[in-house]
Every structure is written in C-alpha cells, then in structure tokens.
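Within every chain, numbering begins at 1; the chains are lettered A, B, ... in the order of the sequence lines, protein sequences first and strands thereafter.
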Amino acid sequence: MDKLLRVRFAPSPTGYLHVGGLRTALYNYLFARKNNGKFILRIEDTDRNRYVEGAVENLINSLKWAGLDYDEGPDIGGVYGPYMQSQRLNIYKQYAKELINIGNAYYCFCSQERLQKLREEQEKQKLPQVKYDKHCLNLTTEEIEKKIKDKLPFVIRLNVKPNQKIIFNDIIRGQVEFDSNNIDDQILIKSDDYPTYHLANVVDDHLMKISHVIRGEEWLSSTPKHVILYDAFGWERPKFAHLPLLLNPDKSKLSKRQGDVAVEDYRDKGYLKEALINFVALLGWNAGDDREFYYLNELIEAFSLERVNKSGAVFDIVKLNSLNAEHLRRKSNGELLQMLKTELIKSEFADLSFSDERLLLIIEAMKERVSFVHEFISNCKYFYKEPEEYELKSIEKNWKPETPDHLRKFINLIAQINNPSKQDYENALTKVAEELNLGKGKLIHPLRLAVSGQSTGPGMFDLLYILGKEEVIKRIEKAIESINVK
RNA sequence: GGCGCGUUCGUCUAGUGGCUUAGGACGCCGCCCUCUCAAGGCGGAGAUCACGGGUUCGAAUCCCGUACGCGCUACCA
C-alpha cells in the first residue's frame, strides 16, 4: 500500500525564477511524474521586506514556459490551499500556540538591541557558537501576560532541548547527525506576526501531505530544526533529499554577478526550453549510462532521486550552447519556421515579408550551422538583404583582376535559363570552369563573396537557388562594381 | 570561529573491491568528407581518482586523519 507521493516546489517570490530553482522544480516534477505523485507549487512569501511586485506571476510564467505543470498551486487551487503562505497566517499562529502549550516554544520579548549585544559578547568570549540564551524562557505566565497586554512586541521561539542527537536520513546524503547544543532557539513567529520559513514550511508540508522534501543543499543545516518541529507536533517526518548546489565557474554558489541566473534571461537569449531543461537535469543527475540527450518525457522515464550526485556542479554555458544546437537541429522545419517568423518580427527585417517557402529553404540550408533560432537571421543576413560590404580577407584571397570577367561569363549563362534549379546553377558554373580551365573552387569563392559578402555559408548552389536568378545577377553586378572601385 | 556537506580529465559525469592501461560528453587539437563554414565520421592531448595512513591477496571504490572548497550560522528564504 503506497501512500500517495506528493512533492512541492516552494520558492520565495524574489523577482524571477533562478536556474537553480528551475532544477529543484524539475527534480520535484520528474520525481512526481515518474511515481504517479502530485507536484505542488507553494509560494513562500513570508518576508514582507522582500516582497517584489509581479514576482509570483513571473515565477509561474517561467515554470509554465519550461513545461513544468503542477497539480496544485496558487493560480489553480487545490484541496490543501491556499498556496500562498501570506494567506495562511492564522494557521501558523495556531500551531505556534500549540507548540507553546506543549513546552516546545516560548514567547520572547528581547529587543533587537539586547540580541545584538548578546551576540557581540558571545563573539568576544570566543564561544564556539553564537545563540540565544533562552532568557525569556524563564518568564512567568503572569509576566508574559502583562507584557502582551502592554503591547510589547514579541516573537515566538523554538525551545531546543539541550544534549540531544538529532538524526535524520537524507535520500541523497544518507544519515546526517546534529547535536542539539549547536542549534539556536530559532524564531518561529516574527514580531510582525508572520512566520519564519522554518515554521511555515513544516506546518505546510504536513498540512499539504508532502511525502518528500526535495530542496537545495542550503537547507541541510536547518533540517534538524524542522525535524525537531515534526517530532514536537508528533507528525510523521517526510523523506528528505537535499540537492547539490549549482556553481559559478569559480565554484561559488551560482550568482547573478557571474552571468545570467534567471530563467527568463535564458529564454530571452533564445535558449530552447528543451535544451535548458535537458542541461539542468544533467547538472547533478545521470541515468548511469552515456546518454545525454533527453526530452522532458524521457527524463521522467529515466529519473530517480537515488542517482542524484552529492557534489555541486558548475553551470557551464558552453555545454548548454551545444545542447541548444542539438535540440535545434532535431526540431522539424515546420516548428523552426514558426520560431523564425516570430524572431523576424523582432528583427531589423520586421518590415519585410518573406514567403514560408523561402524561409523553409533558409532553414534547410542553415539548420546545421546555427545554435540559436535568431542565428537563422544574424548569421546569414544575406538571405534577407543584399550585402553592403564584403569581407576584406576574402577579397584579398579570392578576388583576382580576372574575377569580374569570370563572373560575367557565369551571369551570361544563367541569364538564359528560366527559373534555374540548383543543378542548373551547378552546370553553368562547371561549364565556365571548364572553359577557363579552372577548378570550380576558384570560381565558387569569389562567387560566394559577391553574392553574400562572406566567405562562409551553406552550399553554393543552395545559396544561389534560394536567392533566385534576378537577385544573383544583380548582386554579382553590384559586387563587380563595388569591389573593383576599391 | 562553530556545525554540516562535499572532493574522478578545464567543465558535466560513468564507476558501488578484481571486467579499468579509469569510460562518455562539452571544449581543445588533428585527419577524413568537402566549394567555404557547419553537421557527420575517425583519432589525439587531457584525471598519479585532493593528500596521508590503514583494512584487504587486491581500493577511485571500505575505514581513519589532514587539507581544500562550499553551505548554514538573521525577527531572509
């Protein structure tokens, strides 16, 4: 009899979805889908100082863009809602009071100043750890009632019992052990009545029947606090899985300073969601074989928490790029066409119109030469407008005094053909080459330069065919004129 | 400082005591293909498995220690 497996992604709305968050969400999602469980989105907005307008919408959009659909969440509801912690304040208060009644929490009226001083003193004494001195634990009921009546600000603290071993099992790290003497009497309810992460998280995970807590490694050190809470309430502890961190190239925790960190940044730069998902999935997990190319549904099939690594992984943009190129190459031309069209609207060629037929030819010609959809434009502008300048190096190397004559011969031949095919272009060029007793390459290079302004690109005859006879002739003539002038 | 977690090619990783002269991928280099650039194919360089001790006939794999890195140490999450 399996209990229903339920996991959650619980970000705090700080503005955008971090790629590390994306991976956490992904692993939760994969684990749920693989095991017929439920995947829940819960917003942990308990810090009023960090509230950012529109952050929740943004988070949801990024998740949706990535294709990680959830079964319950703030925008779609669910039986365990609400899914915004700021809407559950009374629940936390109620549970905090219960904790006080059973002796596992207490009111604390200490001022920020006293706490500050306490900390400084402990540091000066070089005490091994800095923590609250349980000063307010000694307050009598009468004293507490009076202070509350006098409207003194207070917090509610967890009462950590000394000399206890707190042991829990982590799916990824195995058994982890803490000494309760090293654990501070964590604040559970702040003086503004909002709960801290620790209380809200545990209460909600229990109430929402979360079976597995899959989250970043930064939470490992606070897990004993959570375990104390579960035990104090008499609740069954969920299974824990702490994921390795995503790192900057210098191995520090992935941060904004050293590159893009928001999912939307990658989306805006033209990364395919398939590639980002694929890449991020492999940062800390693999199936145990050599496979590296996956679509989301294949990831679901292959995923298991047991195969998640323990150590942090550097986010290597170069590998992401290559994965992006590969995902791009495997897309159908039809899909690519739609993407190219929306890209075109954003480009300098927005005012021009191109037939699907022509765009499809460009896609076919460039597909194996690009890593991003926008490169169907930026890497080959010559498909959209005639070249304005010609690569200098190629001129020096390929443009000889006799080149104009050679190219004119070519023009003369193709001018006579109606709607020349690729083969027609090739035949014409072969003929000119034979007449001149030259290798084809000797003609192709200057031809490419004349027609595209560049020295690299798709196959010569594909290029000519896509441009069309009139355009080809026009461009050759222009090239002859402008290059000779120099 | 304390506590916790980690440590295999530059990077992501395979490897769970003998199959390993440590495999793959990205990147890099070379060759092939070829009108160029890609893509593709083939090959190469690149890891004394952080270090030092054990255990064992045998260790990247198990144990201990050290070093280093990272995380946490808030009325932030």
Novice: Determine yes or no for a side-chain-to-main-chain donor-acceptor pair under 3.5 angstrom, with A/Y266 supplying the side chain and A/D260 the backbone.
Specialist: yes
Novice: In whole angstrom, give me the gap between the P atoms of B/G65 and B/G6.
Specialist: 14 Å
Novice: Does any donor-acceptor pair link the side chain of A/E292 with the base of B/G24 at a separation under 3.5 Å?
Specialist: yes
Novice: Report yes if a donor N or O on one partner sits less than 3.5 Å from an acceptor N or O on the other, where the partners are the side chain of A/R173 and the base of B/C5; otherwise report no.
Specialist: no
Novice: With a cut-off of 6.0 Å (strictly less than), are more than 12 heavy atoms of other residues, nucleotides or ligands near NZ of A/K397?
Specialist: no
Novice: Would you call A/I363 and A/L360 a side-chain contact if the rule is heavy atoms closer than 4.5 Å?
Specialist: yes
Novice: Would you mind telling me which residue lines up with the more 5' stretch of RNA chain B, A/F315 or A/V130, judged by nearest nucleotide?
Specialist: A/F315
Novice: Counting only N and O atoms by type, is there a donor-acceptor contact under 3.5 Å from the side chain of A/N398 to the main-chain atoms of A/K442?
Specialist: no
Novice: Have a look at A/T14 and say if it touches a base, only the backbone sugar-phosphate, or nothing, with a 4.0 Å heavy-atom cut-off.
Specialist: nothing
Novice: Considering every strand and a 4.0 Å limit on heavy-atom distances, what is the contact class for A/P244: base, sugar-phosphate, or nothing?
Specialist: nothing
Novice: Work out how far the P atom of B/A39 is from that of B/G30, and round it to whole angstrom.
Specialist: 15 Å
Novice: What's the gap between B/C5 and B/G44 when it is taken at their P atoms, as a whole Å value?
Specialist: 42 Å
Novice: In whole angstroms, how far is the C1' atom of B/A38 from the CD1 atom of A/I363?
Specialist: 17 Å
Novice: Kindly say whether the aromatic ring centers of A/Y295 and A/H327 come within a distance under 6.0 Å.
Specialist: yes
Novice: Would you indicate what A/E123 reaches in the nucleic acid, counting non-hydrogen atoms under 4.0 angstrom: base, sugar-phosphate, or nothing?
Specialist: nothing
Novice: Under 4.0 Å between a side-chain N/O of A/S311 and OP1 or OP2 of B/C5, yes or no?
Specialist: no
Novice: Does A/K319 make a side-chain donor-acceptor contact with the base of B/A25, cut-off 3.5 Å?
Specialist: yes
Novice: May I ask you to evaluate whether A/K225 reaches the phosphate of B/C72, defined as a side-chain N or O under 4.0 Å from OP1 or OP2?
Specialist: no
Novice: Need the pair for B/C3. Rule: Watson-Crick or G-U wobble, both distances under 3.5 Å, any strand; none if unpaired.
Specialist: B/G71
Novice: Give me the distance, rounded to whole Å, that separates B/C32 from B/U16 when you measure between the C1' atoms they each carry.
Specialist: 41 Å
Novice: Whether A/R330 contacts B/A39 is assessed here as follows: a side-chain N or O lying under 4.0 Å from the phosphate OP1 or OP2. Is that the case?
Specialist: no
Novice: Which nucleotide in the list B/A38, B/G6, B/A77 gets nearest to the side chain of A/S12?
Specialist: B/A77
Novice: Between B/G71, B/A38, B/C76, which one does the side chain of A/R50 approach most closely?
Specialist: B/C76
Novice: B/G71 C1' sits how many Å from A/L247 CG, rounded?
Specialist: 10 Å
Novice: Whole-Å distance between B/C75 P and A/K131 NZ?
Specialist: 15 Å
Novice: Under 4.0 Å between a side-chain N or O of A/K126 and OP1 or OP2 of B/G2?
Specialist: no
Novice: Using the C1' atom as the point on both nucleotides, what is the distance between B/C33 and B/G41, in whole Å?
Specialist: 8 Å
Novice: How far, in whole Å, is B/C63 from B/U56 if one measures between their P atoms?
Specialist: 16 Å
Novice: Within the 4.0 Å heavy-atom criterion, would you say A/G288 contacts the bases, only the backbone, or no part of the nucleic acid?
Specialist: sugar-phosphate
Novice: In terms of side-chain heavy atoms of A/I187, which of B/C72, B/A77, B/C75 is nearest?
Specialist: B/C75
Novice: Return the value, rounded to whole Å, for the distance between atom NE2 of A/H445 and atom P of B/C37.
Specialist: 8 Å
Novice: Within a strict 4.5 Å, meaning less than it, do heavy atoms of the A/N427 and A/K431 side chains meet?
Specialist: no
Novice: Backbone N or O of A/S62 within a donor-acceptor pair of the A/Y16 side chain at under 3.5 Å?
Specialist: no
Novice: We want to know whether A/S455 and A/E391 form a side-chain donor-acceptor pair, criterion being a heavy-atom distance below 3.5 angstrom.
Specialist: yes
Novice: Please tell me which of the listed nucleotides, B/U16, B/G2, B/A74, lies nearest to the side chain of A/P128?
Specialist: B/G2
Novice: P atom, B/C42 versus B/C26: distance in rounded Å?
Specialist: 12 Å
Novice: Looking at B/G2, I'd like to know if its phosphate oxygens (OP1 or OP2) sit under 4.0 Å from a side-chain N or O belonging to A/N182.
Specialist: no
Novice: May I ask you to say what A/K253 touches in the nucleic acid, namely base, sugar-phosphate or nothing, with a heavy-atom cut-off under 4.0 Å?
Specialist: sugar-phosphate
Novice: Grab the CD-P distance between A/Q423 and B/C35 for me, whole Å please.
Specialist: 14 Å
Novice: State whether A/K124 and A/E120 are salt-bridged, where the test is any N-O pair (Lys NZ or Arg NE/NH1/NH2 against Asp/Glu carboxylate O) under 4.0 Å.
Specialist: no
Novice: Suppose we define a pair by two distances each less than 3.5 Å, Watson-Crick or G-U wobble; what does B/U66 pair with here?
Specialist: B/A50
Novice: Can you classify the ring geometry of A/F240 versus A/Y230 as parallel (below 30°), tilted (30 to 60°) or perpendicular (above 60°)?
Specialist: perpendicular
Novice: Nearest to the side chain of A/R329, heavy atoms from C-beta on, is which of B/A39, B/C12, B/C35?
Specialist: B/A39
Novice: Looking at A/N309, does any N or O in its side chain come under 4.0 Å of the phosphate oxygens OP1/OP2 on B/U13?
Specialist: yes
Novice: Between B/C76, B/C12, B/C75, which nucleotide gets closest to the side-chain atoms of A/K251?
Specialist: B/C12
Novice: Checking contacts here: which listed nucleotide (B/G40, B/A77, B/G69) is nearest the side-chain heavy atoms of A/T196?
Specialist: B/A77
Novice: Which nucleotide, in any strand shown, forms a Watson-Crick or G-U wobble pair with B/C35, with both distances under 3.5 Å?
Specialist: none
Novice: Which nucleotide in the set B/A14, B/G71, B/C5 lies at the smallest distance from any side-chain heavy atom of A/V176?
Specialist: B/C5
Novice: Rounded off to whole Å, could you give me the CH2-to-P distance for the A/W219 and B/C76 pair?
Specialist: 12 Å
Novice: Below 3.5 Å, does any donor atom in the side chain of A/S191 face an acceptor in the base of B/C75, or the other way round?
Specialist: yes
Novice: Check every strand shown and say whether A/C110 touches a base, only sugar-phosphate, or nothing at a heavy-atom separation below 4.0 Å.
Specialist: base
Novice: In whole angstrom, give the distance that lies between atom CG of A/N379 and atom P of B/A38.
Specialist: 12 Å
Novice: Answer yes or no: does a side-chain N or O of A/K190 lie under 4.0 Å from OP1 or OP2 of B/C76?
Specialist: yes
Novice: Return the value, rounded to whole Å, for the distance between atom OH of A/Y107 and atom C1' of B/C75.
Specialist: 16 Å
Novice: Given B/G10, B/G71, B/A38, which nucleotide is nearest the side-chain atoms of A/E218?
Specialist: B/G71
Novice: Check whether any side-chain N or O of A/R215 sits under 4.0 Å from OP1 or OP2 of B/A77, and answer yes or no.
Specialist: no
Novice: State the pairing partner of B/U21; accept Watson-Crick or G-U wobble contacts with both distances under 3.5 Å, and report none otherwise.
Specialist: none
Novice: Is A/G216 touching bases, backbone alone, or none of the nucleic acid, heavy atoms closer than 4.0 Å?
Specialist: nothing
Novice: Would you mind pulling out the nucleotide paired to B/C9, Watson-Crick or G-U wobble, both distances under 3.5 Å?
Specialist: none
Novice: Write down the distance separating the C1' atoms in B/G17 and B/C62, rounded off to the nearest Å.
Specialist: 8 Å
Novice: Go nucleotide by nucleotide along RNA chain B from the 5' end; which of A/L245 and A/I444 gets its closest nucleotide reached first?
Specialist: A/I444
Novice: Of the nucleotides B/G40, B/A77, B/G2, which one has an atom closest to the side chain of A/S222?
Specialist: B/A77
